Amino acid sequence: MTKTRAAAPSKGQGGTPLSPAALHLALERIWHTPPGWGRLSAVNHTVIGRRFIVAAFVFFAIGGVLAMLIRAQLASPHSAFVGPDLYNQIFTMHGTVMMFLFAIPMFEGVAMYFLPKLLGARDLAFPRLSAFGFWCYVFGGSILIGAMLAGYAPDSGWFMYTPLSSGQYSPGINADVWLLGITFVEISAVGAAIELTVSILKFRAPGMSLARMPLFAWYILVTAGMMLVGFPPLILGSILLEMERAFDLPFFDPTRGGDPLLWQHLFWLFGHPEVYIIFLPAAGVISTILPVLVGRAILGYSWIVVAIVAMGFLSFGLWVHHMFTVGIPHLAQGFFSAASVLVAVPTGVQIFLWIGTMMAGRPKLSTPMLYLLGFFFVFVCGGLTGVMLAIVPFDWQVHDTQFVVAHLHYVLVGGFIFPMLAAAYYWLPHMTGRQPLYKVGTVAFWLIFIGFNTTFLIMHLTGLYGMPRRYYTYEAGYGWGALNLVSSIGGFIMTMGFALFAVDMLFQFRFGRVSPRNPWKAGTLEWATATPPPSYAFASLPDIASRDPLHEQPELGQDLAAGKGYLAMPRNGWQETLIVSMNSGTPQAIAILPRPSFLPLWTALAIGLFVLSLLFKLYWVSAVLPILVLGLFLAWTPGSGSPVDHGLLPAGRGLALPVHAETERPPSWWATLFLLLADGTIFASLAFGTLFLWLVAPNWPPPAGLDLPLGWLAATGALVVAASAAARLAQRPLARTGRPSGALLLAALGAQALASALALATIALHLPAPTSHATYSTVAALLVFVALHAGLGAVFAGFALWRVRAGYVSARRQGDLRIGLLWHDFTAATGLLALALVALLPLLLPLRGLAG
């Protein structure tokens, strides 16, 4: 049998072998987080992951209190506990907190903490991006909670349907709080998606091919990809709705060519994949810990990977599942109904393979196993009601009733919270080095399980009896009173269980007995670190030859701690880990990661001030703050890259590798590529919105028509293409002279700046008032998209010129230029498509009747 390999201890920089104690001391000096106020500069994945988890639990507690207020209000007919206005804020904030401030950040925290350890790396690809995402999450969530405490919480539902959330019906700042706060939080989510994607694909232990990668990493990889495609439609929708509220642009106003259904499409393009974005990481937890708890390797590894990818793909074809009653054509209803049923197939594949693994193993009724059994019962029930709701006639009968509320909670609580509670008991010894003293977790489980089913099983019946959701009160004669009282009692029982779980976690952390390393006898790499783990995770990095390396070599942890792996020679104060090829896991480069920095905190604060300036209508401040944000992001760059060529450096075990700055495609290139994937989804959503309004919105075409100068549009397109060509040609002299063409980079800068100015001038001089009709507002949005990207293209060209002058570019170090070229190419491609759509729209307007 092939075994994980470990070599003799590596030597220090001077050739003298480092003792294990000296090695650990040296690594701790390099990787540690400063004490005191310096903790705010932390970028280490272990610290940031813990912070995400703790913050998510705090928001979960807030959401749970709001849920109990809802149940107290609905416990009896004509309850006077809260009034309708406050009730609208409570149920809106409950959904918002649970979906945006608990579920997604919780899985991000778990992934950030465990992925590098599971993959045999020392940290994630972009530690400062992780820290920046955490601060954005906390500040955005704080804006929402602060508004709620001040009485200005959003009150239009966590889905913010228009026109209820438009300025006419929500004239205060309540809806603005949601739109701006959630968009702020989603910056964190997109950053985390980029971070996790690049880390999984490039930052693994040598030998860990995709086929040997832990299933948890596969689940997170697909989830991160879904976030990059699923979150941008909601970001765009939130921006458009805020623009309508702030500047009266009629994207969703049917009297001026808009359509409220456009918001529903953009929201549910995010909203239904969101359910799977929440479920898949929890399923990854199950696939990781279930085989350990039953003492049997997971069945059907390859089938599970296929099922994960299939779920991610199919989830984007289901968004109209939530819109069966809005009047869409019957053919479309049939298609989306079939797709909603089809997605149950890959879900079922995973569930049957998990059950088969349990049957092939020897399950023991440990506390984590108890929560997994609770998952099977609750989630399968939720899946069955989901198939029922996929059938259009049944959905018509129970749409917007308590039945849908019950189904949603069975899927989300069963599919996410129960597995995460199991993960908490399974991995807490790793995070704290301690194990529980008493069986408090078992008592908490039964309270949660019984309370949950008492609450939501009854709500299925309440919904079938016709009780609508989102109503703050109800009459006594419908037979709903007794059912609601039982549901409310169950809710408080469940809350007692969660409170007991929190107390148990705190007592374990403080008083639990000391845990041995790897108490569950698992085979995955996170148990090869010390418990709790040091800041650098591994003293040296392993060479992987199987999916369960600790089963193949039980002493691997001790060998790595003794320096018998890669990168066991600290040098230059660098935080080093390895970069590998995507498929095979062959070592390619040494990544030098940034040290602790306050820049992520300051940058997030600057964005938070920008959000607050928009919220309080201080638009003169809003116009200045983006310059500050851009300057802070540019301040990140001197710490990345290298001003000198290092050549090949020893990586241990006889291997020599370049540093990441001297590779053809450094990690930042991949990050930019995935950022542009998300950006491209925003553009596709904007184009979809334009064509949707043209096709189905009332009051089209605009009375004044649309007549834009084609010469200006063509010139703008020619400029962005010329900028891309100039940036590409500027790199040709690099191989010969070691420097790019400064003149061509300057030409790219000028072309992008001129294209941006021309697009804005087209809006100002030739477009009718964007507030008068949705045609003009969508054209303005498309041209602003072109102008914004061309303007940033000028920044990229200027940045490249600065990096060349500062010595960060050479024949070996071309990463900055390649990243800029990605942006220029993207701007050219999307700019031409946007300008073509704007140019063709006048020709499409007369065809509206034929298309309809």
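Since this is a predicted model, take the numbers as computed values, not measurements.
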Next on the checklist: So, applying side-chain hydrogen bond (donor to acceptor under 3.5 Å, both in side chains) with Lys117, which one of Thr524, Thr46, Thr529 is it?
Outcome noted: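 With Lys117 as partner, Thr524, Thr46, Thr529 yield a single side-chain hydrogen bond (donor to acceptor under 3.5 Å, both in side chains), made by Thr46.
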Verify whether one side chain among [X] and [Y] offers a donor that lies under 3.5 Å from an acceptor in the other.
X: Thr385; Y: Tyr410; result: no
X: Thr603; Y: Trp636; result: yes
X: Ser340; Y: His272; result: no
X: Trp319; Y: His265; result: yes
X: Thr92; Y: Trp178; result: no

Next on the checklist: ring-ring contact (aromatic ring centres under 6.0 Å, His included) for Phe270 and Phe100? Distances and angles first, verdict last.
Outcome noted: CA-CA 12 Å; Phe270 149 83; Phe100 295 100; 5.6 Å; yes
Item to check | Verdict with reasoning, Phe134 to Ser188, per side-chain contact (heavy atoms from CB on, under 4.5 Å) | outcome: CA-CA 7 Å; Phe134 171 75; Ser188 167; over 6 Å; no
Within-4.5 Å side-chain heavy-atom neighbours: [X] and [Y]:
X: Val110; Y: Phe216; result: yes
X: Phe203; Y: Leu119; result: no
X: Leu293; Y: Met358; result: no
X: Tyr137; Y: Phe59; result: yes
X: Trp446; Y: Leu500; result: no
X: Ile417; Y: Phe102; result: yes

Item to check | Trace of the side-chain contact (heavy atoms from CB on, under 4.5 Å) decision for Arg204 with Leu210 | outcome: CA-CA 10 Å; Arg204 307 195 301 267; Leu210 291 179; 3.7 Å; yes
Is it true that [X] and [Y] have ring centroids separated by less than 6.0 Å?
X: Tyr371; Y: Tyr425; answer: yes
X: Phe418; Y: Phe375; answer: no
X: Phe267; Y: His322; answer: no

With a 3.5 Å cut-off and sequence neighbours excluded, list the donor-acceptor pairs that the side chains of residues 224-236 form with protein atoms.
none

Item to check | Test side-chain hydrogen bond (donor to acceptor under 3.5 Å, both in side chains) applied to Trp158 - qualifying residues, sequence neighbours left out | outcome: none
Checklist entry - Can you name the closest pair of heavy atoms from His94 and Gly63 and give their distance? => result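 Closest heavy-atom pair between His94 and Gly63: ND1-O, 3.0 Å.
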